[in-house]
Amino acid sequence: MPEPNLNGAYYGPSIPPPTKTYHRSRGGSSCNPCSCLFNCLCTCICQIIFTLLIALGVIALVLWLVLRPNKVKFYVTDATLTQFDLSTANNTLYYDLALNMTIRNPNKRVGIYYDSIEARAMYQGQRFASQNLEPFYQGHKNTSSLHPVFKGQSLLLLGDREKSNYNNEKNSGVYEIEVKLYMRIRLKIGWIKTHKIKPKIECDFKVPLEANGRTANYEETRCHLDW
């Protein structure tokens, strides 16, 4: 039974104080440890990769400024063609072609290892002969020589247009022949050797036929280098 107040008035039961409730603020956010660690790792990896790319770029620029590499030059200095007969009966080409080629390395600090060299002789887009040449090392500011020789017979299937071109060249006594060099090379810079590079060299030239004691004059031709 409630107790009476001192002045004899009754005010009912006592009212308890209000309870305080706490709400999490929506503005704040909690971080999942795994998510935070993953984000941190991604940021670090990106920064490392970016730093490495900048460092490699600076190194490449410094090497280029120091070495100043120049393009290697290939030439067909002389060509001798003593046979180039196409038999229409069996589409067989009989040929005898000898070349003198030079490779000029104008660089002062770059040597070149020619690990493999394959020379292919082409006529009107079709290969009729190939030869593997000896590997060698070419030093700084050096000129080296190659002497591919193509002799034999090969099946050569030409269309009407190509046969007409062949007859015209036969009448003129001058043939358009292409020789391609497929190489695997390594560059030597000081004690550093690069990985193998596969350049392709294309040499398009006109060579007169030497026949019946007739001596032909050949004009030196520069080849095209494609990395």
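Worth saying up front: this structure is predicted, and the values here are computed from it rather than measured. For reference, positions follow the sequence shown, starting with 1. No hydrogens, no waters, no symmetry mates; every other heavy atom, side chains included, goes into these values.
Contact check for Cys203 versus Met101: side-chain heavy atoms found under the 4.5 Å cut-off. Considering only heavy atoms from C-beta on, Phe150 comes within 4.5 Å of Leu99 through its side chain. Lys180 has its side chain out of reach of Lys200: every pair of non-hydrogen atoms, C-beta onward, lies at least 4.5 Å apart. Residues Leu146 and Ile117 are in side-chain contact: their nearest non-hydrogen atoms beyond the backbone lie under 4.5 Å apart. Put simply, the side chain of Asn100 does not reach to within 4.5 Å of the side chain of Ser145, judged on heavy atoms. Within the 4.5 Å cutoff, the side chain of Thr143 has no heavy atoms near those of the Tyr75 side chain. Using a 4.5 Å heavy-atom cutoff, the side chains of Asp226 and His224 are in contact.
Between Asp115 and Pro135 the shortest heavy-atom distance is O-CB, 3.3 Å. What you find for His140 and Gly111 is that their closest heavy atoms are CD2-N, 3.5 Å. Residues Asn142 and Ser144 approach most closely at OD1-OG, 3.1 Å, considering heavy atoms. Between Asp78 and Tyr218 the shortest heavy-atom distance is CA-CD2, 3.6 Å. Between Val72 and Leu225, the shortest heavy-atom contact is O-CD2, 3.7 Å. Nearest heavy-atom pair across Asn70 and Pro106 is CB-CG, 3.6 Å.
A ring-ring contact (aromatic ring centres under 6.0 Å, His included) with Phe84 holds for exactly one of Tyr94, Tyr175, Tyr95; it is Tyr175.
Here the CG atom belonging to Asp96 is positioned 5.0 Å from the NZ atom belonging to Lys151, to the nearest 0.5 angstrom. Of the inter-residue distances, the one linking Met122 atom CE with Arg127 atom CZ reads 7.5 Å to the nearest 0.5 angstrom. Here Ile201 contributes atom CD1 and Arg222 contributes atom CZ; the two are 12.0 Å apart, rounded to the nearest 0.5 Å. In this structure, the separation between CG on Asn105 and NZ on Lys71 is 14.0 Å, given to the nearest 0.5 Å. Here the straight-line distance linking atom OG of Ser164 with atom CD of Glu169 works out to 10.0 Å at 0.5 Å rounding. Atom CD of residue Glu118 and atom CG of residue Leu133 lie 9.0 Å apart, to the nearest 0.5 angstrom.
A donor-acceptor contact shorter than 3.5 Å is absent between the side chain of Asn107 and the backbone of Arg109. Judged by distance alone, with hydrogens and angles left aside, the side-chain atoms of Gln126 form a donor-acceptor pair with the main-chain N or O of Leu157 at under 3.5 Å. Between the Thr194 side chain and the Leu187 main chain, a donor and an acceptor come within less than 3.5 Å of each other. Of the possible polar contacts, one joining the Gln138 side chain to the Ile103 backbone as a donor-acceptor pair under 3.5 Å is found. A side-chain donor-acceptor contact under 3.5 Å links Thr221 to the backbone of Glu219.
Using the six-membered ring where Trp is involved, Tyr123 and Tyr166 have ring planes that are perpendicular, over 60° apart on the 30 and 60° scheme.
For Lys170, the NZ atom is loosely surrounded, since the number of other residues' heavy atoms within 6.0 Å does not exceed 12. Atom CG of Asp160 has 12 or fewer neighbouring heavy atoms from other residues, nucleotides or ligands inside a 6.0 Å radius. Annotation for Arg120: atom CZ counts as buried by contact number, over 12 foreign heavy atoms lying within 6.0 Å.
Both Ile185 and Ile189 are members of a single hydrophobic cluster when ILVMFWY side chains are connected at heavy-atom separations under 4.5 Å. Hydrophobic clustering (side-chain heavy atoms under 4.5 Å, transitive across Ile, Leu, Val, Met, Phe, Trp, Tyr) groups Leu181 together with Phe136. When the side chains of ILVMFWY residues are joined at heavy-atom separations under 4.5 Å, either directly or via intervening members, Leu97 and Val174 end up in two distinct hydrophobic clusters. Cluster membership check: Leu93 shares its hydrophobic cluster with Leu158, using side-chain heavy-atom separations under 4.5 Å among Ile, Leu, Val, Met, Phe, Trp and Tyr. Linking ILVMFWY side-chain heavy atoms closer than 4.5 Å, directly or via other members, places Phe128 and Val149 in two distinct hydrophobic clusters.
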Apply side-chain contact (heavy atoms from CB on, under 4.5 Å) to residues Cys223 and Val76 and explain how you reach the verdict. CA-CA 7 Å; Cys223 305; Val76 179; 3.9 Å; yes
